[in-house]
Every structure is written in C-alpha cells, then in structure tokens.
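Below, read A as the first sequence line, B as the second, and so on, with proteins coming before strands; counting in each chain starts at 1.
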Amino acid sequence: MVKLSTLKTKKLKTIKASNNKLVFLFGPTSVGKTKLLTDICKDKFSVINADSIQVYKGLDIGSAKVSSEMMEKIPHYLIDILPPSQQFSVADFIKRADEACQDIYSKGRIPIISGGTAFYFKHFLYGLSDAPPTDPKVREEIEKEIKLNGIASIYEALKLVDLPSYNKINPNDSYRIQRAYEVYKTCGKPLSSFSISEKPRNNMDPLIIGLYRDNEEMHRRLRVRVDLMMKEGLLDEVKRLIREGAKEDWPGMQGIGYREFFEAIKSGENSRSQTLAKIVLDSKHYAKRQYTFFRSFKNVNWMEASNTEEIENLIYSFIQDN
RNA sequence: GCCGCUUUAGCUCAGUUGGUAGAGCAAAGGACUGAAAAUCCUUGUGUCCCUGGUUCAAUUCCUGGAGGCGGCA
C-alpha cells in the first residue's frame, strides 16, 4: 500500500501526453484477475483496485483480496482504505484512482486498474454528471417518506418533477427512484437534465481488457473458491467482524460472502452448507450481471482468462507502442 | 403382506367440477447518471409415472401395474 495523504498537499498536475496510458483489466468475480497480475512484470506496473468490497479493511477472505505477499511484489492502491462501516462511492473511487494514477506515473510506472465493479470502470473512463452527490440528510428524509407512504408515492412525486426519469425507471426500482428524487430535492433540477460525457476524461488512453471463461468453468471455479474461503477461515472472519460490531446494514456487509451469514442468522434455520450454497449462487448471479454490464462497454479486448501469454503480449506491445 | 397418501417444468409444489396446465426457486437474456458484490426488467410445451377402460374428448373419473412417503403387521 502506498500512502496517498502526501499527495493531497501537492497540486495534481494535468496528465501529460506520455502519462495517459493505463490498462483496464476487468471480468467477473473469480475469472482469474489476481492470478494474472502475479504474472505481469513487477517493475513497470502498479495496480489500482476497482472492487467495491476490497476497499474495506478486514474483509479479506470473503472478498478474495490479494495476499500481502502479492501486494509487496506489485504496489496496490485502493485496498484497505476504509473501515467496512463507511460508505464508499464511485465519486470517491474516481478521485482516489486519479490520485493514484498521478503517483504511479510520477514513479515512472503504468497503472493497471483491476477489478469487477463495472460501475467504477464506466465512470472512471467517462466521468460523472454534474448532478449533486448524495446528501445524507435528504436521503434520510426520503427514506422516512417511503416508510410513511410507500415507494409508489415517491415515484408519483417524481413524475411531477422529472418525467424523463419517471418514464425511464421501473416502478419497482426503488434504488433509482430514490436517487432521482434525491437529486431533485437536493438541487431543484431533475436528474435527467444532467448528462454524462461520451468521451474519455483527461485524454485517457486505456488498453481495455475484458476477461472471460466458459460458463461451466466459471461455475466450477466459484464452487472451488467458496470452499477455499471456508478452509481459509471465512467463518472466523465473519465472527470477528460481528464481535467488532459489524451490522447487516454496513456498506461492507452487503458483500457476497458476508451478507449470507446475516441472512442465515435472521432466518435462524440455515445450515452451514445452505449458507455456502447461497454464497455460490449469489456469486453466480453477480458474475452474470458483471458480464452483462461489461459486455456493453466499447473497445474491449475480450480475452480467455487462461490465455496468459497472449494477454501479457497485448499489454507489453501496448506500453511499448508510442 | 395389508391400509392410507403421493407421482405435473431442472427443483418444490398449485391446478384443471373432463376440453392437453401455472407459481416460486433455478436457468437464459437484458438494463445500469455519486449506495453498484446494490437495484431492477424480460423469457414457461412439459410423454401432467405406465397400462387398459368409460367418454365426442382423460393429465383430471375408473381398473391394473410401477416408484416414493407414512402407518399397521
């Protein structure tokens, strides 16, 4: 880990033309990103984590975080930066990833952004709209309102102030209804009046690599991985977190491999093997959603994940090509 | 061996007072504007266990058989 605090005092230089190359490495959970990174030349690259759960301290086994040996070999950024009780957002990701890139370039290295959170990749590349960030007070108010009158009433309220969003968002999608309504309540402008750029930020020149594997193979890997997590002591990790005060609604606890234990405690009747099966199932569903999102990205070099040599060649020819 | 219940989608089960059937889960596909490991959308033909019978028509009623579960021996 590299400390970023010193960077804050420095003014961030605009990225030079020569300092605009970086690698995106993404793919669904368990496809083999971490394994691949261990094979890549240590001297030229530093890794920026783009995984919304691995940013949290103490969530090691369940999030399949890279080992500390691995982090010593290749510098890693955006890992273990927050306690799991604290909210992290795309905006935080972009800000810190930008800082990390500056630091990496200043050391003559090239950043590899690696992870499975498609939302982070998308907005790291294209940026965010000018819509206001979440105001916890406003969100709390809206949540109260939902409890009182139901999400349908918020949806109807949205119709009056932001018809395009109302039409776009499904009435059951409480998450997006809340966000759209929140934007209006915060700044008085509809969410639909803000747009996202279609061009990469900062003159960025990314090599975009998407990893995939055969479906059967993915399912096999997921099962093996969850078994391995148990052997490595996932249960003890969860017990430790609960002892330390972890609550179901902590942001970090919505991660797969953690939330299932809270579900099990709640229902009171799930056996160990049922909980494990649920973790595997949730992971499969997640991997599927990740594929769907990543597949919508443009200019992706889709590579079979076991094809290590070809992927390395691709990366090396990219950084040599000036 | 006898008695009762049961056999319908990959799984758990509804249902058809006789006109060839539908939920949940799974599976497959999709969306994604500061919580994204989140949130949400779309997609259901399956010898209705087998065999005869009654009927214009049987997955449904009746006979016989097979599998499962329970009880009594």
- Query: Checking all strands, does A:Y120 fall into the base, sugar-phosphate, or nothing category for heavy-atom contacts under 4.0 angstrom?
  - Reply: sugar-phosphate
- Task: Give RNA chain B the dot-bracket treatment, 5' to 3': Watson-Crick (N1-N3 with N6-O4 or O6-N4) or G-U (N1-O2, O6-N3) under 3.5 Å, [ ] crossing, | other strand.
- Result: (((((((..((((.....[..)))).(((((.......))))).....((.((..]....)).))))))))).
- Say you pick atom C1' in B:A58 and the same atom in B:A26; how far apart are they, in whole Å? 31 Å
- Decide yes or no on salt bridge (charged side-chain N to carboxylate O under 4.0 Å, His left out) for A:D173 and A:R176, but give the supporting numbers first. CA-CA 6 Å; A:D173 196 345; A:R176 292 196 168 77; 2.9 Å; yes
- CD of A:Q86 versus C1' of B:G34: gap in Å, rounded? 15 Å
- Of all the nucleotides listed (B:A36, B:G34, B:C32), which has the minimum atom distance to the side chain of A:K122? B:C32
- Item | Distance, C1' atom - from B:U20 to B:G65, rounded to whole angstrom | 24 Å
- When the C1' atoms of B:C48 and B:C13 are considered, how many whole Å apart are they? 13 Å
- Message: Any base atoms under 4.0 Å from A:Q290, or only sugar-phosphate, or nothing? Heavy atoms, all strands.
- Response: nothing
For nucleotides 25-27 of chain B, print each protein N/O atom paired with a nucleotide N/O atom at under 3.5 Å, atom names and distance only.
{"residue": "B:A27", "atom": "OP2", "partner": "A:H285", "partner atom": "NE2", "Å": "2.6"}

- Check every strand shown and say whether A:S283 touches a base, only sugar-phosphate, or nothing at a heavy-atom separation below 4.0 Å. nothing
- Walk me through it: do A:T186 and A:D135 pass the test side-chain hydrogen bond (donor to acceptor under 3.5 Å, both in side chains)? CA-CA 7 Å; A:T186 307; A:D135 179 339; 5.4 Å; no
- Message: Once you apply a heavy-atom cut-off of 4.0 Å, does A:T292 come out as touching a base, just sugar-phosphate, or nothing?
- Response: base
- Task: With syn defined as a glycosidic angle within 90° of 0 and anti as everything else, classify B:G30.
- Result: anti
- Sort out for me which residue in A:R221, A:R225, A:Q290 forms a side-chain hydrogen bond (donor to acceptor under 3.5 Å, both in side chains) with A:T29. A:R225
- Query: In this structure, are over 12 heavy atoms from other groups packed under 6.0 Å from A:F88 atom CZ?
  - Reply: yes
- What is the distance, rounded to the nearest whole Å, between atom CD1 of A:I151 and atom C1' of B:U39? 11 Å
- Task: May I ask you to say what A:F93 touches in the nucleic acid, namely base, sugar-phosphate or nothing, with a heavy-atom cut-off under 4.0 Å?
- Result: nothing
- Does A:N20 reach the side chain of A:N202, with side-chain heavy atoms less than 4.5 Å apart? no
- A:S129 has its side chain closest, among B:G34, B:A36, B:G30, to B:G34
Atom pairs, protein N/O to nucleotides 40-44 of chain B N/O, distance under 3.5 Å:
{"residue": "B:C41", "atom": "OP1", "partner": "A:N172", "partner atom": "ND2", "Å": "2.6"}

- Message: I'd like to check A:Y181 versus A:V138 (side-chain heavy atoms, cut-off strictly below 4.5 Å). Are they in contact?
- Response: no
- Task: Write down the distance separating the C1' atoms in B:U63 and B:U16, rounded off to the nearest Å.
- Result: 22 Å
- Task: Please state the P separation for the pair B:A23 and B:G44 - nearest whole angstrom.
- Result: 10 Å
- Does A:F293 stack onto the base of B:C32, taking stacking as ring centres under 5.5 Å apart and planes under 30° apart? yes
- Write down the distance separating the P atoms in B:U6 and B:A14, rounded off to the nearest Å. 9 Å
- Item | Any side-chain heavy-atom pair of A:I242 and A:F262 under 4.5 Å | yes
- B:U39 OP1/OP2 closer than 4.0 Å to side-chain N/O of A:Q178: no
- When rounded to the nearest Å, what value does the distance between C1' atoms of B:G15 and B:U59 take? 11 Å
- Query: What nucleic acid atoms does A:D51 come within less than 4.0 Å of, heavy atoms only: base, sugar-phosphate, or nothing?
  - Reply: base
- Message: Taking B:G22 as the reference, what is the distance to B:U45 when you measure between their C1' atoms (whole Å, please)?
- Response: 13 Å
